[in-house]
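Read through the structure below, which is laid out as structure tokens, and then see the notes.
Order of the sequence lines sets the chain letters (A, B, ...), proteins ahead of strands, with each chain counted from 1. Atoms considered below: every heavy atom in the structure, side chains included; atoms not considered: hydrogens, waters and symmetry mates.
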Amino acid sequence: MNKTNMSRRGFLKASGLTAAGAVALSLTGMSIAPNAWAMTLASIRNSEGQTLSRLCRVLYPHAHLDDMYYDACVEGLDTKAVKDKNLLNLLKKGVAQLDSTFNVPFLKLSAEQQLEAVKKLEGSPFFNSVRGHVVVALYNNEKIWMSFGYQGPSFPHGGYLERGFNDINWLPKN
Amino acid sequence: MKKFDLNDNSVVVVIGSGAGGGTLSNELAQKGIYVVCLEAGKHLDYGKDFVNKEWEMFSKEAWLDTRTTSGSWRVAKDFPNLPAWICKTVGGSTLHWAGASLRFQEHELKARTNYGHVKGANLLDWPIDLKELEPYYAKAEDKMDVTRTNGIPGLPGNNNYRVMEAGAKELGYKEVHTGRMAINSQPRDGRASCRQLGFCFQGCRMGAKWSTLYTEIPKAQGTGHFELRAEAHVLKITHDKTGKVDGVLYVDAQGQQQHQKARIVCVAGNSIESPRILLNSESAIYKEGLANSSGQVGCNYMRHVTGSVYGIFEKPVNMHRGTTMAGIIQDEAKHKPERGFVGSYEMETLSLGLPFLAAFLNPGDWGKEFTGELDEYQNMAGMWIVGEDMPQESNSITLNSDVKDQFGLPVANVHYDDHPNDVAMREHAFKQGSAVYESIGAIKTIKVPPYPSTHNLGTNRMSAKANDGVVNKWGQTHDINNLFISDGSQFTTGAAENPTLTIVALAIRQADYIAQEMKANNI
Ligand SMILES: Cc1cc2nc3c(=O)[nH]c(=O)nc-3n(C[C@H](O)[C@H](O)[C@H](O)COP(=O)(O)OP(=O)(O)OC[C@H]3O[C@@H](n4cnc5c(N)ncnc54)[C@H](O)[C@@H]3O)c2cc1C
Ligand code: SF4
């Protein structure tokens, strides 16, 4: 890592960059070093946040997505939990369950074991709340859209009339 | 703009400003009849409030007041409090709608006669036939600027359409085109033409797609005979000692209860709220709710046999570019009982953005296989199936007195079980839809279960005899002659076609009838 990156990283850390903030900055073209942000959590503990972030990835794994997108989902959950005691309890207990499945912290488990631990909780209120949140929060994050080839809002660009609405070129001719 | 006094009992009160209510209001106002339209939702400005984002517009436009569900349909499990995907805004679901505008077929209006007795189905013939409807279809098509009618050219086909068309031709289908769409392919009626934005379901930011929000409502306002009250949530319809309706009780934008007197009341709250309002209006005279001597209010709920098929290809499709419903295959929309079911279905392209696709592709699903499919977003093409479902008496809207809304009234419970005919039709459509994509090399096809209902029909149905249904051939309730139903809840059966053109045609026809009956002093 070169020096400017280092100092930017230092600056970002010092300015208390949240995962959501990192996501926003990455869009401006700024390269963000891994772990340059920290989840900013108000209701759950940081270690719980890490576990939940991994759970989010086990639920909706995309190799092309950086951890910060999953962390941003957890920040959203955490914000909800500030006002919702039930949810907070659910999250804390759920994390404890994930950590106790194999008597090894969830984060230390192999990928296969993590999947197994999650499957054990499928259908539980904890699982449902996290899954329901992530499936919206993750895919509604406009910063990930381009990596799926989804182009997002088109009105600001005049629609697709002159931008390839019918540009497909591999169909059989008949 | 015109304002009416709450005590003015000369007005026609229309409940709801969507396809049915918005159209009826304008048609009446054009004839010089005084109309007050009460709309529960907010008044959005398409130039300012419409953005190209799926969840953001969903939260601005959709009806999110609590509803409950029951029955074996999968929506009850996946979306227990969201049985229907419809709007609560000025303009109603014409903000969300895709614009497909098809006439019903002659045989569909006589389903009982043509399909015979189907076990478990409550089939009935409409008390009107296609001949009677044709002039009104023509007026509706002109009003809605429907492509391929009135000399209006079809829309150009986008990528998603071109994939479907190529597959359809490969399979030997013949009736494939870019649809009859209430979307301007050229400027018309003072509105712009479509620029292929691809956010038709979010509200058309161009105003190219017909919506009562910026057509019927402002036109009605221009007559000086019409008042729109937005954020006016109707609780009940009231009646006098003789049993005629005489007004509407609602909560206004400030949260105050108001009572608007009325000469005539027309209900167009879509097929869940319309019967709910009638049921919530029960009284000493009408113990089972208004207009319910037949016991059919809320029954025979229909939602079309739906489902989607997505095909994944090796190369990019970019289905999100351009009109959401960009074309249609009509070859299966024929009554051919040898397929193993009565009635028929249409296949129409459909695309969702990534946020909605993730939520609707296989609700509740997660894990590698699922995300692997989403990773193919760019290479996907999609279609929606819309077919005739069987009316069943037990599929119904009832009051759930255990759950109350923000005003303390029981919410609607929506009960639905698929009829075996519905299941057979969906299976056939899934097979054909997959074949369309496979014929041109899809590497995978995905069969997607029904979304929450966008087409809600039949819960105040039209019948020749008073004991078979709720309204007569004019949408006038059999029991109370100054109470009308003006939305898709009038439908006797659902037919295979998307319903809105027929809702609008019926509203235009109803306006003629109301005007004539008012003039004759019959109501
Ligand atoms: C995503 C989507 C796509 C669609 N695509 C098509 C298509 O391509 N072709 C087609 O034909 N149809 C389509 N439809 C269906 C179409 O939108 C409806 O058929 C049509 O809008 C129904 O008209 P309506 O007047 O019955 O109800 P709506 O248009 O839903 O209007 C009902 C109005 O009544 C109001 N209301 C309800 N209760 C109360 C109350 N108590 N007090 C005051 N106001 C109340 C509601 O807020 C609403 O504004 C689509 C629908 C959706 C959601
Ligand atoms: S594709 Fe056309 S109709 Fe649909 S939102 Fe865009 S401009 Fe409107």
- Message: Please classify the contact between A:Asp167 and chain B as side chain, backbone, both or neither, with a heavy-atom cut-off of under 4.5 Å.
- Response: both
- Message: The test is side chain to side chain donor-acceptor pair (under 3.5 Å); show your working for B:His177 and B:Gln330 and say whether it passes.
- Response: CA-CA 9 Å; B:His177 55 86; B:Gln330 301 204 277; 3.3 Å; yes
- Message: Between B:Asn379, B:Asp375, B:Ile440, who has the most heavy-atom pairs with chain A when the cutoff is under 4.5 Å?
- Response: B:Asp375
- Item | Choice from B:Phe356, B:Phe370, B:Trp55, B:Tyr161 maximising heavy atom contacts with chain A below 4.5 Å | B:Trp55
- Query: What residue, out of B:Gly157, B:Gly372, B:Gly167, has the most heavy-atom pairs lying under 4.5 Å from chain A?
  - Reply: B:Gly157
- Is it the backbone or the side chain of B:Lys53 that comes under 4.5 Å from a heavy atom of chain A, or both, or neither? side chain
- Item | Toward chain A, the part of B:Leu374 with a non-hydrogen atom under 4.5 Å | both
- Specify which of A:Arg163, A:Glu122, A:Lys119 makes the most heavy-atom pairs with chain B at under 4.5 Å. A:Glu122
- Contact origin within B:Val163 toward chain A - heavy atom pairs under 4.5 Å: both
- Message: Has A:Asn166 got a side-chain atom pairing as donor or acceptor with B:Arg162's backbone, closer than 3.5 angstrom?
- Response: no
- Message: Quick check: do B:Thr94 and B:Tyr214 have side-chain heavy atoms less than 4.5 Å from each other?
- Response: no
- Item | Selection from A:Trp145, A:Phe148, A:Phe165 maximising heavy-atom pairs under 4.5 Å formed with chain B | A:Phe165
- What part of A:His157 gets closer than 4.5 Å to chain B, counting heavy atoms only: side chain, backbone, both or neither? neither
- Message: Counting heavy-atom pairs under 4.5 Å with chain A, which one of B:Gly198, B:Ala359, B:Pro316 comes out on top?
- Response: B:Pro316
- Report the relative orientation of the aromatic rings in B:Phe360 and B:Phe79; use parallel for angles under 30°, tilted for 30 to 60°, perpendicular for over 60°. tilted
- Query: Side chain, backbone, both or neither: which part of B:Phe313 has a non-hydrogen atom closer than 4.5 Å to chain A?
  - Reply: side chain
- Establish, from distance only, whether the side-chain atoms of A:Tyr70 and A:His62 form a donor-acceptor pair under 3.5 Å. no
- Message: For A:Arg57, is there an ion pair with A:Asp67 - N to carboxylate O distance below 4.0 angstrom?
- Response: yes
- Relative to chain B, which of A:Val58, A:Val136, A:Asn169, A:Leu115 shows the most heavy atom pairs under 4.5 Å? A:Val136
- Item | Salt bridge B:Asp78-B:Arg74, side-chain N to carboxylate O under 4.0 Å | yes
- Message: For B:Trp366 together with A:Phe127, are the ring centres under 6.0 Å from each other?
- Response: yes
- Donor-acceptor contact present, side-chain B:Arg205 to main-chain B:Gly47, <3.5 Å: yes
- Item | Partner chain A: residue of B:Glu376, B:Lys315, B:Gln378 with the largest heavy-atom pair count (under 4.5 Å) | B:Lys315
- Of the listed A:Pro153, A:Gly159, A:Gly158, the one with the largest count of heavy-atom pairs under 4.5 Å with chain B is A:Pro153
- Stepwise, does the side chain to side chain donor-acceptor pair (under 3.5 Å) test hold for B:Thr66 with B:Asn81? CA-CA 6 Å; B:Thr66 308; B:Asn81 296 115; over 6 Å; no
- Query: Who among B:Asn160, B:Val317, B:Asn318, B:Asn158 has the most heavy-atom pairs with chain A under 4.5 Å?
  - Reply: B:Asn158
- Message: Please classify the contact between A:Leu59 and chain B as side chain, backbone, both or neither, with a heavy-atom cut-off of under 4.5 Å.
- Response: both
- Ignoring hydrogens and angles, state whether a donor on the side chain of B:Ser193 or B:Arg188 is under 3.5 Å from an acceptor on the partner side chain. no
